[in-house]
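Model, not experiment: these values are computed from the prediction.
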Amino acid sequence: MSQEKAMGARYRRNRGDTITGYLFTSPFFILFAVFGLYPLLYTIYISLFKWNMLGSKEYVGLRNYRLVLLDDPMFWKAVGNTFIIWFESTPLQIFLAVLLAVMLNQAFLKGKAIFRFFIFLPNITSLVAVSLIFANVFGVKYGLINYFLTKLGASPIDWAATSWATQVAVALLVIWRYLGFHMVIQLAGLQSIPADLYESATIDGASRRQQFFRITVPLLTPTILFSTIIGTTGGLQLYTEPFAFLSDLSGGLAAASGGSHNQVLTIVMYLYKSAFTDHSFGYSSAIANLLLLIIILFAMLNSLLVRRLRG
Amino acid sequence: MKHLRKTAIAAAGAALLISMSACGSDNNGSSESASNETVKLTYWTNNGPGLDGLIKQYQQDHPNVKIDVQVDDANLKQNLLTALSAGSGAPDISILTVDDIPQFKNEEYFYNLKDFGADQLQGDYLDSRWKQGTNADGSFIFGIPTDSGPMAMMYRTDLFEKAGLPTDRDSVSKLTATWDDFYKVGKTIKDKTGKPLVPDSYFGAFLPKIQQAGEYTIFDKDGNLTIDTNPAVKEAWDYSVKLAQEGLSAKQPDFSNDWKVGLVNGDFATMFAPPWMLGVVKQNAPDAAGKWDIAMMPGGSANWGGSFLVIPKQSKHAEAAYAFMKWILAPEQQLSVYKTNGNFPSTPSVYSDEAFTGKKDEFFNNAPVGEIYSKAANKVTLMDAIHTWSDFTTTAQQVLPNVENGADPEQTWTDLVKQIKSTLNR
């Protein structure tokens, strides 16, 4: 006891060790300062200027924010689109992920590894290939779906020009691509539920249904919550999927605007377009900061939810 | 002792970190090279200009020059913007496309190639291309042109025949000499075969018509937006709307998947194509071989594509960079790239070479592509290369499909003008 105390005192006194400790934790702080904090502060600074990146900056105060919020229907359209696509993809995706995970967790199922592999495969497939395939499936004139629709006597859907159709197509792409990822997470969550709970429930005469709703679902809630957070932050930052899909579907530069009605223009796509197509870096930075606010809002909502669930 | 070692390890770790974060700026400060000293030139390019073979040759002929080629098809423009505004990280030589160069025309960031004597090269290049690389009065030369993209018209011989129209190149060129003629031909084809005239109303009408409308169309000389006051712009819009509303557009825009299939199936009767597009067509629609021929396009020609090589002010080897550029873009080298890669030269003196006069393309019914495109290249009129007008054309490309699908064209136009105005105001 006394020896421990003495050692503690020695460590407290030793300044060299304190420095060592800081040095060991410094990589994170240095990297964060360079790649996280500095860009963050600089984005706030830039958002107060009118700037095309070359040439001089013109200080405009909060003008960019005023323009974004009050005078730019496209920004609100992008916010709306982002939430529509998020709403069309994330809940269904997590529901399917849980369903698949439960199925794959059944003892009687043979060849689990193979199923797991194929469900996870889309997640590691190159997006270039994925969007090309999806553009072929949703092709307006020569797409697979429209081919079957016409065969069945229905009228084909213009996936490129009909707003809801393009949004659904992008949502399906997102679901398909990330389902495997969420499924693996749910599977890990399922396997961390102790087996003896099920055993004693069986002994007590609980049905499988009861076991599912009374044991599996409550104990899986933290994992589902985690998936929801990942899905939401990913959904709010959606960029590559709609962009690559549209490039293949309708070709050319129109993809940068998120379709002919801006129907799949997400916040991040709009941010990028403002910077690199419209050359308004201050304006683009203002959008970035507003996106940050939205994400903070969601993070707070989320932590509130977690706290309430815990109790 | 033990304590000392720990501190040493930690210090080494910190040193490693610092050196890691410092490695972004290892531009060695060596000044202008002596003749026997090795010069390393960093060269940013996309996959477009096909200069690889020549770069190898140049290094063999100049053992003291090393050219570090960095290919980037996706983010070159963004990276160059970042490097220039950050003040470090720019290459010695960079490529800039025709669409991108207006935005970069800031004399603070580039060498004036006139200081190296580039003004003496002007006579070697097409006027319409050369002027895209300079400032308004030509006193500051930003870049030297790489290859060119004069447009001609691909047409489906089977559809023309079915519509009872002539199918030989000269007759087709005469038949579609003006945009009015082109429209009439479209009507005939639509009536007789049911097939539309163009892939979409943007590439098939709006863009080429804007490009043909003269130097100051979208902006005036002083940079004021003139899309709502210059009748030529509205005329191009109205013409595109007419094609769209009368079913003369196939709604299969260039580069879309539907377009690739449409090339084979003959879903549209014509398509405007610069020389590089012929390669794109062959690659994406190999089954279209023999179905298309090439004639002149309505209204002369227009340039689509091509680039410039520029030297950012950050370069410490500008003279060596210029020497390399001057050689690799000279007429002789442009001719050699044409022979190996098919990139169309910006230097008209080589058009009389046998490689041009004798060049036929089997894929396109043995069309004499060398002859057709040399003729087209001389008809290209200069387009504004001072103001960034691509925002406008990109937005027009984005909203024209709505008109093709029944949106009110006047309302769409009003919204378009309003959007461009507020974008420019940001």
Side-chain angles (χ1 to χ4, degrees), chain A residues 14 16-17 19-24 26-27 30-31 34 50-55 63-64 67-68 71-74 132 135-136 138-143 158 160-162 247-262 273-284 286, chain B residues 3-4 6-7 9-11 13-14 16-18 20-21 75 77-78 81-82 84-85 99 103-106 108-109 199-200 202-203 250-262 265 267 388 390-391 393-395 397-407 419 422-426:
Chain A
N14 198 331
D17 276 336
I19 293 171
T20 313
Y22 280 124
L23 282 174
F24 270 113
S26 65
I30 291 172
L31 292 179
V34 173
K50 185 171 159 46
W51 186 40
N52 70 358
M53 211 152 167
L54 301 182
R63 181 175 178 269
N64 286 327
L67 288 179
V68 175
D71 200 27
D72 190 357
M74 218 194 271
L132 197 67
N136 273 317
F138 290 99
V140 180
K141 195 159 173 142
Y142 294 110
D158 193 338
T162 318
S247 305
D248 287 321
L249 188 69
S250 45
L253 298 158
S257 316
S260 62
H261 297 287
N262 305 114
K273 175 179 141 53
S274 299
F276 291 108
T277 311
D278 305 341
H279 318 297
S280 317
F281 283 83
Y283 195 79
S284 177
Chain B
H3 166 70
L4 197 72
K6 257 198 284 180
T7 320
I9 291 169
L16 183 74
L17 252 172
I18 289 160
M20 256 168 65
S21 55
N75 298 314
K77 172 189 153 190
Q78 288 85 317
L81 263 181
T82 314
L84 292 180
S85 74
D99 289 345
Q103 192 199 344
F104 283 89
K105 284 191 176 167
N106 186 322
E108 206 181 303
Y109 295 96
D200 78 331
Y202 176 75
F203 290 111
K251 303 200 261 181
Q252 285 158 276
D254 290 24
F255 303 109
S256 68
N257 279 0
D258 280 348
W259 170 75
K260 292 168 192 168
V261 186
N265 291 2
D267 289 341
T388 311
S390 55
D391 298 0
T393 49
T394 308
T395 312
Q397 180 188 3
Q398 177 222 324
V399 296
L400 264 172
N402 297 340
V403 177
E404 295 184 335
N405 287 306
Q419 191 190 326
S422 57
T423 304
L424 283 174
N425 194 25
R426 283 167 195 165

Where does A:Leu67 contact chain B at under 4.5 Å (heavy atoms): side chain, backbone, both or neither?
-> side chain

Option that, when pairs with chain B are counted at under 4.5 Å, heavy atom only, ranks first among A:Val68, A:Leu54, A:Leu132 = A:Leu54

Heavy-atom distances under 4.5 Å only: say whether B:Thr388 touches chain A with side chain, backbone, both or neither.
-> side chain

Reported CD-to-OG1 distance for the pair B:Gln103 and A:Thr277, which is rounded to 0.5 angstrom = 9.5 Å

To the nearest 0.5 Å, tell me how far B:Asn257 CG sits from A:Ser247 OG.
-> 10.5 Å

Output for pair (B:Asp391 CG, A:His279 NE2), nearest 0.5 Å, gives 4.5 Å

Nearest-0.5 Å distance that lies between atom OG in A:Ser280 and atom CZ in B:Arg426 | 6.5 Å

Per-residue contact mode, A:Lys141 against chain B (heavy atom under 4.5 angstrom) | both

Nearest-0.5 Å distance that lies between atom OG in B:Ser256 and atom CG in A:Asp248 = 9.5 Å

Under 3.5 Å donor-acceptor, B:Asp258 side chain and A:Tyr142 backbone | yes

Measuring heavy-atom distances to chain A, does B:Glu404 have an atom under 4.5 Å in its side chain, in its backbone, in both, or in neither?
-> neither

Pick one of side chain, backbone, both or neither for B:Leu424, based on which atoms fall under 4.5 Å of a heavy atom in chain A.
-> backbone

Contact origin within B:Asn425 toward chain A - heavy atom pairs under 4.5 Å | both

Would you mind telling me which of A:Asp71, A:Val140, A:Asn52 has the largest number of heavy-atom pairs within less than 4.5 Å of chain B?
-> A:Val140

Under 4.5 Å to a heavy atom of chain A? For B:Asn405 that would be side chain

Min side-chain heavy-atom separation B:Ser85-A:Phe281 under 4.5 Å | no

Sort B:Glu108 into side chain, backbone, both or neither according to what part of it lies under 4.5 angstrom from a heavy atom of chain A.
-> neither

Residue part contacting chain B, namely of A:Asn262, when any heavy atom lies under 4.5 Å | both

Best-contacting candidate, B:Asn106, B:Asp267, B:Leu400, against chain A by heavy atom pairs under 4.5 angstrom = B:Asp267

With a 4.5 Å cut-off on heavy-atom pairs, point out which of A:Phe276, A:Trp51, A:Tyr283 contacts chain B the most.
-> A:Tyr283

Reported OG1-to-CG distance for the pair B:Thr423 and A:Asp72, which is rounded to 0.5 angstrom | 7.5 Å

